[in-house]
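Presented below is the structure to which this report refers.
As a basis for the values below, the full set of heavy atoms in this structure was taken, side chains included, without hydrogen atoms, waters or symmetry mates. Quick note on labels: first sequence line is chain A, next is B, and so on, each numbered from 1.
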Amino acid sequence: MATDKSNLQLVVNGILNENPIFRLVLSMCPAVGISTTVMNGFMLGVAVLFVQVFSSCTIAVFKNKIHPRIRIPTYTLTIATWVTVIDLVLAAYLPEAYAKMGIFIKLIVAFAIITMRLEMFACKESVNASFWDGIGMGLGFMVGMMAIGFIRELLGLGTILGYDILGFKPLLFFVLPFAGFFCVGLMMAFFNWIEIVYKRSKQRA
Amino acid sequence: MKDIMTIVFRLTVSCLLAGLVMGTAFIFTSKAKKHNEHVNEQKVMFSLLGYTADQAKPASLALHEVYRYVVTDQQGLSVGYLVPMAGEDKAAYTFVAIGLDGAYLGSYPVALAQEEVSELGPRDQAIAAALGPEKTIRYADETIVVTNNGKRQAYLLPGEFPGFKTFIKVIMAVDQSFTVIGLEIMEHEEDPGLGGEIVQNYFKNQFKGKSFTALKKLGVAKVPLPDDYLKALDADKYGLTAADVAAVQELYQDKDIYALTGATISSRSVTNGVKGIVKKFAYRVSILDKVLAEQQIAVPF
């Protein structure tokens with residue numbers, strides 16, 4: 001059962017309709033825990049993008065060889081392998097970036113969004129479709145993380161990407177862990193509102 | 001039964017494939033990673049000595065590695081130092097064996113190329129070959145003697161000691177009279193935000209300028225860090241000039257280390273670790289120097 005969506009639709013689908021954080025509500029731990037600054041969100045987003053694309057492609061290639069009873073161990077193994085490879089490559093060739101994001105990368109093994117995407121999409125679809133779906137999901141996660149990071153960094157620290165914008169710290173509580181829930185909740189409401197508005201405008205037309 | 005066999009077979013194959021991919025990645029990246037670590041270590045060493053990116057090191061500056069080994073044979077334990085030899089021939093090394101009481105036991109020329117000396121495996125093999133089969137050796141630590149125009153300028157002491165959770169790896173620079181020039185934390189796994197603060201300037205720079213006598217009785221004080229000292233310790237952040245910093249540092253020369261809030265154990269570990277490294281090194285280097293002078297072993301430092 002192949003998907004009838006085009007490559008571009010798959011990518012947009014990951015960013016908007018099925019955004020991992022705001023629509024699928026998966027991988028909430030990093031969304032709440034690590035998204036204190038825009039840069040953190042971006043770095044983790046890039047790492048997730050790579051892991052998602054590689055894992056989706058791997059599973060799509062081997063989908064007929066995977067015994068249905070042991071899907072989950074196989075997915076976990078695949079994700080862990082790619083996470084390790086990316087961890088090694090980054091440590092070797094981008095030591096500066098690795099010093100900042102090294103601790104996050106190992107966490108990706110446990111991210112729900114990647115396993116879920118393998119289970120829902122990659123094990124049924126073609127390699128090409130899985131690749132674009134992986135890109136969409138990775139970008140969607142990155143955009144979500146950066147959006148939360150933007151709000152928290154601006155309101156909590158008064159900076160964006162480390163540059164002082166406001167000159168003071170409006171609400172320090174936004175950089176504390178529980179403020180992540182507020183941000184995610186607000187963003188989710190925003191996404192739902194967009195959907196409702198969009199549907200209404202369609203009905204009228 | 002057939003199902004079990006397929007599951008076992010497929011899981012084994014996937015594990016093997018995963019292992020193959022990870023192993024290949026490791027082989028391709030390990031060399032670059034090692035190189036990065038080496039470059040980073042060199043950078044840290046020169047920055048500890050005061051040579052940063054905008055102030056290049058003079059050509060007369062030279063680093064000489066001395067490796068300490070523990071030797072076991074029928075007579076019991078003894079210590080050995082692998083020292084480079086003076087002269088044009090850069091690849092000559094000598095292993096100087098010294099008894100625990102400081103007596104000279106003998107020296108053995110070691111055939112080792114300059115590129116190989118920093119690698120643990122080839123170095124151990126070369127020394128073992130030079131010493132003969134009845135002696136077993138174990139690598140202990142490394143010291144780097146910094147010379148400028150052939151005169152000793154400072155010592156770089158890489159070392160590790162137990163922290164709150166695991167070992168903390170550091171590199172220290174001390175001058176000829178064992179006054180601390182600088183301390184850099186290379187690796188640690190202390191709690192972020194608490195013990196992890198040992199890497200911050202306002203903690204590690206407190207060791208800067210502590211003389212050997214002050215260091216010997218150095219303790220940890222559980223009182224807040226004074227404001228002027230904090231600014232002097234993090235001079236770059238607060239934009240203080242070198243003269244201001246020196247004046248404040250003079251004031252706190254003989255004071256104890258101010259403990260990190262919520263991380264007394266980490267603060268104590270670092271203080272005791274630093275103390276231990278310098279005290280042991282001062283003792284060892286005096287013995288080594290005496291032996292080298294008595295036996296007239298020509299070293300380039």
Side-chain angles (χ1 to χ4, degrees), chain A residues 33-34 36-37 40 50-51 54-55 57-109 118 123 162 164 172 175-177, chain B residues 1-44 47 53 165-166 169 184-200 236-239:
Chain A
I34 310 174
T36 46
T37 62
N40 278 359
F50 276 105
V51 175
F54 282 132
S55 306
C57 290
T58 316
I59 292 297
V61 168
F62 293 107
K63 59 178 178 281
N64 297 328
K65 304 273 183 288
I66 296 168
H67 196 287
R69 297 259 163 166
I70 50 159
R71 295 186 319 274
I72 306 296
T74 316
Y75 297 158
T76 315
L77 188 69
T78 314
I79 298 167
T81 307
W82 286 116
V83 168
T84 311
V85 168
I86 287 171
D87 189 65
L88 287 169
V89 169
L90 273 181
Y93 300 111
L94 293 168
E96 280 95 15
Y98 184 73
K100 288 203 193 78
M101 57 197 280
I103 43 165
F104 307 146
I105 289 178
K106 296 180 186 85
L107 291 176
I108 297 173
V109 180
L118 300 183
C123 73
D164 213 332
L172 188 66
V175 287
L176 300 175
Chain B
M1 194 60 204
K2 198 171 157 266
D3 256 3
I4 295 179
M5 291 314 284
T6 20
I7 289 175
V8 167
F9 175 71
R10 289 192 181 172
L11 258 188
T12 313
V13 170
S14 14
C15 281
L16 282 177
L17 275 177
L20 205 70
V21 172
M22 284 189 269
T24 321
F26 178 74
I27 289 167
F28 275 106
T29 55
S30 65
K31 208 173 172 188
K33 194 180 173 190
K34 224 181 218 172
H35 174 75
N36 284 336
E37 276 168 9
H38 183 69
V39 167
N40 187 27
E41 216 163 82
Q42 291 277 322
K43 213 172 99 192
V44 167
S47 74
K165 282 182 174 168
T166 55
K169 279 192 184 168
E184 187 64 54
I185 314 280
M186 300 302 287
E187 252 181 73
H188 76 94
E189 276 178 44
E190 305 300 291
D191 291 323
L194 298 167
E197 298 287 296
I198 54 172
V199 301
Q200 300 289 342
D236 285 343
K237 196 170 147 193
Y238 294 99

| If you look at every heavy atom in F28(B) and Y93(A), which pair is closest and at what distance? | O-OH, 3.3 Å

| request: Could you list which of residues 34-42 of chain B have a heavy atom closer than 4.5 Å to any heavy atom of chain A, in residue-number order? | output: N36(B)

| task | Of all the heavy-atom pairs spanning T81(A) and M22(B), show the shortest one and how long it is. | result | CG2-CG, 3.7 Å

| said: To the nearest 0.5 Å, what is the distance between CD1 on I70(A) and OG1 on T6(B)? | reply: 8.0 Å

| message | Minimum heavy-atom separation for V89(A) and T29(B), please, with both atom names. | response | CA-CG2, 3.9 Å

| note | Under 4.5 Å to a heavy atom of chain B? For L88(A) that would be both

| query | What distance separates L11(B) CG from H67(A) NE2, expressed to the nearest 0.5 Å? | reply | 10.0 Å

| message | Please rank I66(A), T74(A), L77(A), T84(A) by heavy-atom pairs under 4.5 Å with chain B and give me the top one. | response | L77(A)

| task | Give a yes or no on whether Y75(A) atom OH has more than 12 heavy-atom contacts from other residues, nucleotides or ligands under 6.0 Å away. | result | yes

| said: Is it true that, when you exclude K169(B) itself, more than 12 heavy atoms of the residues, nucleotides or ligands shown sit nearer than 6.0 Å to its NZ? | reply: no

